[in-house]
Amino acid sequence: MTADTKFTGQTFKSVGTRPLRPDGIDKVTGRARYGADIDLPGQLVGSILRSPHPHAAIRSIDTSKAEALQGVKAVITSADLPDLTNGNSELFDILDNCMARTHVYYDGHAVAAVAAVDAVTARKALKLIKVDYEILPHVTDVDEAVAKGAPVLHRKCFTQGVEPKPRKPSNIARRSEFGHGDVEAGFAKADVIIERTFRTEQTHQGYIEPHACVASISPDGSGELWVCTQGHFVFRQHCAELLGMDVSKLRVTPTEIGGGFGGKTHVWAEPVALALSRKANRPVKLVMSRDEVFRASGPTSATSIDVRIGITKKGRITAGDATLRYTSGPYVGMWAELGAMTAFACYDMKNVRTVGLEVLVNRPKTTAYRAPSAPMAAFAVESVVDELAGRIGMDPVDLRIRNAAKKGTQSSYGPVYGPIGIGPTLQAAKEHPHMSAPLGKNQGRGMACGFWFNFGGQTCTDLNIAPDGTVALTVGTIDVGGARASLALVAAEELGIPYDQVRAVVGDTSTLGYNDMTDGSRGTFSSSMATIMSARNAITILKERAAKMWDIPVAKVAWEEGCAKAIGKKYGNLAPLSLAEIAAAAPNTGGPIAGHNELVADGAGVSFATHICDVEVDPETGRTQVVRYTVIQDAGKAVHPTYVEGQYQGGAAQGIGWALNEEYVYGEDGRLQNAGFLDYRIPVCSDLPMIDTQILEIPNPNHPYGIRGVGETSIVPPLAAIGNAVSNAFGVRMTHVPMSAPRILKALDEAEEASSTSTETA
Amino acid sequence: MTQLVNTNINGDTIGFACEADETLLDALRNRVGLKGVKEGCGTGDCGACSVILDGTLVCSCLVLGMEVEGRKVETVEGLSKGAELHTLQTKFIEHAALQCGICTPGFLMAAKALLKNNPDPTEEEIRYALAGNLCRCTGYDKIVRAVQATATELREA
């Protein structure tokens, strides 16, 4: 990292204001083009045949009848996507997931695909494909998958990260461990130790736009792909590698994205659409149905987590230990690892150990979902922390303040923290009016904290000055939450011009250098860094051009308030040259004016939040409603505060849905039973209250403006905050998410039974 | 079998051909070219395809194209008058009531239908009127506020 990216503490004119977003009008008039809105001349309709079985060997596939159907232009199986992965196991898993080879591993796994003149013909053709399956035993439950005698998904799966290598294959694909100190010595110092096991069910990102793309491959080996994605450069890379194409010859254009939340970081249907197009020699449009999205894209992990925490009577945590089992679908992932890293990240702990186990099951391949893996770990740890507070009679906020990580703390996952926001968000929660507001009947209040790493990564940005002095900013990170507005604000700030003079767009893969995906809350953090550097590079050129126009040394030119100004006694009387004037003269001073930047955006500041939640539980039915909710989170610097609030509110709402209602339900037959929005019910408008937000700004020392990512942390605390609220309302500790009405009712009934039994015996 | 349908869409007389089992959603998107109507589920659960049919809010994925013969269909494309945006559209942008925007056309139509019947809705009435439209980005806070602001402005107009 260069010194240029250090925080300078400057004051802002544009950053921190709330102008209208550039994509607003297109989105309210129906003009914005999403994945399914793109059409090409001569386009065919693609459709995928999916396994109805959770686990089976494919004996044979007969496509002859489908191929013979009038209007069918291509039928493909794994034979049309040959293995070009060259020993790269991660890439092979992607290939195998896109189109099953020898086995199907989950209900919904793709086995064949067709391209036909219309959707009706494509559907008819799918029915004519005969797949001969040898059905194998399956396992979908996380605890059953690690139990003795469980069906093993892959006979070559020996747990990685264990020495010596296990002799028997199992469904535990990988083990990871983090921590420091002496955990058992820490527990020996504790006055109170609580140990509990928690479970969370699998949830889906639930973006409203299904995956959609249009693929077009030419016989000359070049191709184009229009797709809703969080990372078009990554999609280009994976698709080109899987199809054996030169990477630069595949041009990927991102459409507007109708929500992703991590779920559009991975290719599913895109390589299939490209293979169909290659075989048919025509463009192919492939749009997933909602059923396919649930069954065959990438939901988050189901988990089972053991947590043990020790504390002194005075409220100092002495040790923490957790074992986290996370499903990753049929392929190895890093989900338990992320859970293990984040579990205790909020706290300053001398003795801490976490173990993550990646568990293979016959469910779709797990993919990122907003702060992936952190909400489940936080549910377990924050529930126990609250319970400990109750046991020693200490206020749960005070207990957390007492143990909060701070600058200089060695985090539970390794690095030493710089300036961080966990303490300030807790202090703000303590002082927030929500904390002292009266509660009604059957209501309870809970709070919890959350952490997310944030990510930087490879970034590339172009800033072009148009002949009239307006500015075209081209970024390579997908705009998922208003980034085009934020980045235009940053360019305006740096150049000293009004926001309206800058237009930001997301470039395709042929117009910019490689960019990592919009994940890890990196979009605004990393692209703003590259935008600042691009603008500074442009200013250098603008000053040179002004010097030329004035015929003075460039050292005597300064850039202030959007103008070149001559400095010093000798030249100080020259009238400033505006950006527009310099741009207009460009043909005679050296040609077009632009600034570029390519960087690896290091130093993404870690992010912390504290949430406060009031719930009302109906003791007759167990139905639980969130009646008041407050999010307090550190943004580093909120570039566009309204859109930062939007991230806080949206993440909280997703967390509330996860906490109370959302879950994948598998039958005994291993098939997903609720693959639709009717039965997988995400929160609707009448389920939620207004969601209050408080933005704190603890500058990130590694960004010129102090910016931190803000997108993900808000989904981390709600599970535990709601669990703690239910506990505080009724004295029952909820250990299984979602805390759906039947589960809460059961807990209430059991508590009542226990108390009446104890009264009787007393 | 392909049928001809004559209807009125956003004030224009429009004819289109569609199959007997084709949904209004598919007909509007693929036959008429009105791609502001979005498909989120195809089963009437998400509201992204909401349109107003003879004054009533419907999911266009649950209506057949043939059913709109001789009737009046309103879609998001008909909300603004030329370059002049409908107050709902302006307020949605001003209040940041959209992020990804895929649900926005449906919400706008649902909000329009609500305010036509109830120009002064309570927060609860707004929340229940919009409960058939899913949004995964915003947590609904800013959507409710945009509808409240629209209602206030339209009443004062």
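As the structure is a computational prediction, the values presented were derived from the model and not from experiment. Note: hydrogens, waters and symmetry copies are ignored here, and every other heavy atom, side chains too, is used.
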List the steps, then state whether side chain to side chain contact (heavy atoms under 4.5 Å, CB included) holds for Phe261(A) with Cys137(B).
CA-CA 9 Å; Phe261(A) 316 110; Cys137(B) 292; 3.7 Å; yes
Under the side chain to side chain contact (heavy atoms under 4.5 Å, CB included) criterion, do Leu85(B) and Ile25(A) qualify, and how do the steps go?
CA-CA 9 Å; Leu85(B) 295 181; Ile25(A) 288 180; 4.1 Å; yes
Is there a salt bridge (charged side-chain N to carboxylate O under 4.0 Å, His left out) between Arg29(B) and Asp37(A)? Walk through the geometry before answering.
CA-CA 8 Å; Arg29(B) 285 181 59 82; Asp37(A) 300 337; 2.7 Å; yes
Quick one: do Arg136(B) and Glu662(A) satisfy salt bridge (charged side-chain N to carboxylate O under 4.0 Å, His left out)? Show the steps, please.
CA-CA 13 Å; Arg136(B) 194 60 157 171; Glu662(A) 295 176 34; 2.7 Å; yes
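Distance NZ/Lys27(A) to CG/Leu108(B): 13.0 Å, rounded to 0.5 Å. Atom CZ in Phe677(A) sits 9.0 Å away from atom OG1 in Thr43(B) (nearest 0.5 Å). The CD1 atom of Ile691(A) lies 6.5 Å from the CG atom of Asp141(B); values are rounded to the nearest 0.5 Å. Rounding to the nearest 0.5 Å gives a distance of 10.5 Å between CZ of Arg681(A) and CG of Asp45(B). Rounded to the nearest 0.5 Å, atoms OG1 (Thr642(A)) and CD (Glu94(B)) are 11.0 Å apart. Distance check, rounded to the nearest 0.5 Å: CD of Gln89(B) to OG1 of Thr29(A) gives 6.5 Å.
You'll find the side chain of Glu39(B) stays beyond 4.5 Å of the side chain of Arg290(A), heavy atoms only. With contacts defined as side-chain heavy-atom distances shorter than 4.5 Å, the pair Val28(A)/Ile93(B) qualifies. Two residues are said to be in side-chain contact when any heavy atoms from C-beta on lie closer than 4.5 Å; Leu98(B) and Arg21(A) meet this criterion. Side-chain contact between Arg31(A) and Glu77(B) is absent, with no heavy-atom pair separated by less than 4.5 Å.
Counting heavy-atom pairs closer than 4.5 Å to chain B, the top-ranked of the candidates Val480(A), Asp26(A), Asp39(A), Asp23(A) is Asp39(A). When each of His640(A), Gln647(A), Met690(A) is checked for heavy-atom pairs under 4.5 Å with chain B, Met690(A) comes out on top. Chosen from His95(B), Lys38(B), Lys142(B), the residue pairing most often with chain A at heavy-atom distances under 4.5 Å is Lys142(B). Of the listed residues Arg33(A), Glu645(A), Glu256(A), the one with more heavy-atom pairs under 4.5 angstrom with chain B than any other is Glu645(A). Interface check for chain B: of the options Gly481(A), Gly206(A), Gly657(A), the most heavy-atom pairs under 4.5 Å are formed by Gly206(A).
Neither the backbone nor the side chain of Asp687(A) comes within less than 4.5 Å of any heavy atom of chain B. For Ile682(A), the parts lying under 4.5 angstrom from a heavy atom of chain B are both the backbone and the side chain. Of the two parts of Pro19(A), neither the backbone nor the side chain holds a non-hydrogen atom closer than 4.5 Å to a non-hydrogen atom of chain B. Both the backbone and the side chain of Ala36(A) come within contact range of chain B, each with at least one heavy atom under 4.5 Å from a heavy atom of that chain. For chain B, no part of Tyr629(A) is nearby; none of its heavy atoms comes within less than 4.5 Å. Both the backbone and the side chain of Tyr128(B) come within less than 4.5 Å of a heavy atom in chain A. With a 4.5 Å cut-off on non-hydrogen atoms, Gln205(A) touches chain B through its backbone but not through its side chain.
Side chain of Tyr34(A) to backbone of Lys35(B): no donor-acceptor contact under 3.5 angstrom is found. Not a single donor-acceptor pair under 3.5 Å links the side chain of Gln99(B) to the backbone N or O of Gly482(A).
Listed here is the closest heavy atom pair of Ala96(B) and Tyr643(A): CB-CE2, 3.4 Å. The two residues Ala131(B) and Ser686(A) make their nearest non-hydrogen contact at CB-OG, 3.5 Å. Closest non-hydrogen pair, Tyr140(B) versus Pro683(A), comes out as OH-O, 2.7 Å. The two residues Gly139(B) and Ala653(A) come nearest to each other via the heavy atoms CA-CB, 3.5 Å. Taking each heavy atom of Cys685(A) and Val144(B) in turn, the nearest pair found is SG-CG2, 3.7 Å. Closest approach of Arg127(B) and Leu688(A) over heavy atoms only: NH1-O, 3.0 Å.
Within 6.0 Å of the CZ atom in Arg18(A), the count of heavy atoms belonging to other residues, nucleotides or ligands exceeds 12.
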